[in-house]
Amino acid sequence: MFPWLRRATSTLDIPPDVPAIEVRDVYVSYNGHPVLQGVSLTVPQGSFWALLGPNGAGKTTLLKVIVGLIKPQRGTVRVFGRPPEALGPWRRALGYVPQHQRVDLYFPIRVKDVVMMGRYGMLGFFRRPGPEDWRAVDEALERVGIPHLRERPLHALSGGERQRVFLARALVTQPKLLLLDEPTAGVDVAATQSLYELLRDLHKSGMTVVMVSHDVGVVTQFVDSVACLNRRLVAHGRPEVVLTADTLSDMYGCEAVFFHHAATPHLVVRRHPPEDAS
Amino acid sequence: MSWWQYAFMQRALLGGVIVGVITAIMGVYIVLRGMSFMGTGIAHAAFGGVALGLLLGLDPILTAMGFCVLVAWGIGFVTRRGALKEDTAIGVWFAATMAFGILLLGLRQGYNVDLFTYLFGSVLAISPADLKGLLLIGALVLGVVLALYKELLFVTFDPEAARVAGLPEGFLYYLLLTLVALTVVASIKVVGLVLVSALLVIPAAAAYRWANDFWVMMVLAVVFSVVSVVAGLLFAYALNTASGATIVLTATAIFAASLALAPKHM
Ligand SMILES: Nc1ncnc2c1ncn2[C@@H]1O[C@H](COP(=O)(O)OP(=O)(O)OP(=O)(O)O)[C@@H](O)[C@H]1O
Ligand SMILES: [Mg+2]
């Protein structure tokens, strides 16, 4: 009756054949203004996806639907075959790094305690974190490369360092599905590269990763699938198949060509000429 | 006889310390969630509740407690539905309940004497029964805050992430509102409803300047608050000034010192 009173068991028996995410015919509108119109997407376990689309396409909204923060007006959402609000002990298998950290940057809290919050859900009520939980915190800090910031107050971090703290908080439950909303916004080139490498390592160790990004070119080096969203799902599948001029122009509303000539593929966008030459 | 040998002075100190502790604790959540206006709003709603109690011949404090809990839930409900911003919701409730109180008091004759007590506090007139009530509310607030320490911390810091982690965020929010309402009304006897919001916000705001840990902010706010109450009461006794106002001005002096001296730069 009170699932949060019980401590989550460390082994989750999630069947490997059930999709990590299954979104079917989802509609979301804000005050009658449609944002997602009939989006369907299946993300098998163990895959690495990039979710692409212009500003306002509904990418953040789709992630919020998947983690259960927004209830769609129509359609169904399943995470590991269960509705997101009824994940029970499997909830710890879900890691989410939101786009905007809507937190008070001067909140009196240290890095280690922010990361520990990630485990509060699985700890259950009235239980204090134990040595096992602190080990998980140290591991997560190690993974994102900031073990030296463990004792720092949150207000004494740079924007990029803070981003990694929130990534560590999402990793501290050892999730099987990781959702990241523009994790590289405000992160320098070297840190972006090492973030992508970290995600690739996590993916190789069996984690399902879905990342929202605007970095169309670079992202395709790392992911095995892309989904292009602009209120509806424009296309999805393997990057080299999906990222055609037609798809990109459908998505961005402008002509775009995707070049593969160098080590890094990149995107060239040609604007439509102005309608009237005034 | 020295001042501390008087029973009324002992009750005033004990009552004042309990109020100092619970307002400081709830104030930490209020300040960190950016809900400072909530204390003011609820204190003014308490005016309507007290008036209702006086008019109906019920215990004014108990009536105000029920009334304020309902008002706090109302503010919370309207805010969470996204219909209004929190400060707007409070602004509306605050004016409406205050007007309601004035209207009710107009219906009753000879109200002025009691009313002054609730507006400005009468800490030197705390009865043993008042003290029992304060102890009860104090135990409730402390018990809940200790039992749900990590959950309340999480929803205060990052409500959205708390929901994703599976915490009953809505329940915890309403629980917090309930505790704030009970704290505000319980404190009315000591500092008066006009000054309750000051005691909620000022010690926590001073502690915020110094603390790098949540529990440190909590402990510091309690210390600042208790020091303000005790020193304020002694000043008031020595200088023969209004006790509520003296307590709040003492707290303000601590806040000013924190603003000037604390290391956190914003
Ligand atoms: N809470 C809200 N209320 C009303 N409209 C909203 C709300 N949240 C988002 N929207 C609108 O819904 C649309 C999709 O928003 P969403 O945040 O999902 O886009 P996005 O693809 O993540 O964009 P970006 O790349 O800028 O992050 C936008 O037009 C936005 O203005
Ligand atoms: Mg977004």
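Residue numbers begin at 1 in each chain, while the letters A, B, ... track the order of the sequences.
- Taking the six-membered ring where tryptophan is involved, the planes of B:Phe214 and A:Phe107 are essentially parallel, since the angle between them stays under 30° and well short of 60°.
- Note that the CG atom of A:Leu123 and the CZ atom of B:Phe154 stand 11.0 Å from one another [nearest 0.5 Å].
- In this structure, CH2 on B:Trp215 lies 13.5 Å from CD1 on A:Ile109, to the nearest 0.5 angstrom.
- Atom-to-atom distance recorded for A:Met117:CE and B:Leu167:CG is 10.0 Å, nearest 0.5 angstrom.
- With a threshold of 4.5 angstrom between heavy atoms, A:Leu154 approaches chain B through side-chain atoms but not through N, CA, C or O.
- The parts of A:Tyr120 that come within reach of chain B are both its backbone and its side chain, each placing non-hydrogen atoms under 4.5 angstrom from that chain.
- For CH2 of A:Trp134, the number of neighbouring non-hydrogen atoms (other residues, nucleotides, ligands) closer than 6.0 Å is greater than 12.
- Among B:Glu160, B:Lys150, B:Met217, B:Glu151, the residue with the largest count of heavy-atom pairs under 4.5 Å with chain A is B:Lys150.
- Nearest approach of A:Tyr96 to B:Val164, heavy atoms of both residues: CD2-CG2, 3.9 Å.
- When all heavy atoms of A:Pro108 and B:Ala211 are compared, the closest pair comes out as CB-O, 3.5 Å.
- More than 12 heavy atoms of other residues, nucleotides or ligands sit less than 6.0 Å from atom OH of B:Tyr174.
- Heavy atoms from other residues, nucleotides or ligands lying under 6.0 Å from CZ of B:Phe77 number 12 at most.
- Neither the backbone nor the side chain of B:Leu146 has a heavy atom closer than 4.5 Å to any heavy atom of chain A.
- Here B:Ala147 is the residue among B:Ala162, B:Ala147, B:Pro159, B:Gly34 with the most heavy-atom pairs under 4.5 Å with chain A.
- Side-chain atoms of B:Asn212 and A:His155, non-hydrogen and from C-beta on, do get closer than 4.5 Å to each other.
- Between the side chains of B:Tyr208 and A:Asp104, at least one donor N or O lies within less than 3.5 Å of an accepting N or O.
- Taking non-hydrogen atoms and a 4.5 Å limit, the residue list of residues 157-172 of chain A in contact with chain B, ordered by number, reads A:Phe166, A:Arg169.
- Classification of B:Asp213 and A:Arg110 as a salt-bridged pair holds, one side-chain N sitting under 4.0 Å from a carboxylate O.
- Contact annotation for residues 66-87 of chain A against chain B (heavy-atom separation below 4.5 Å, listed by residue number): A:Val67, A:Gly68, A:Leu69.
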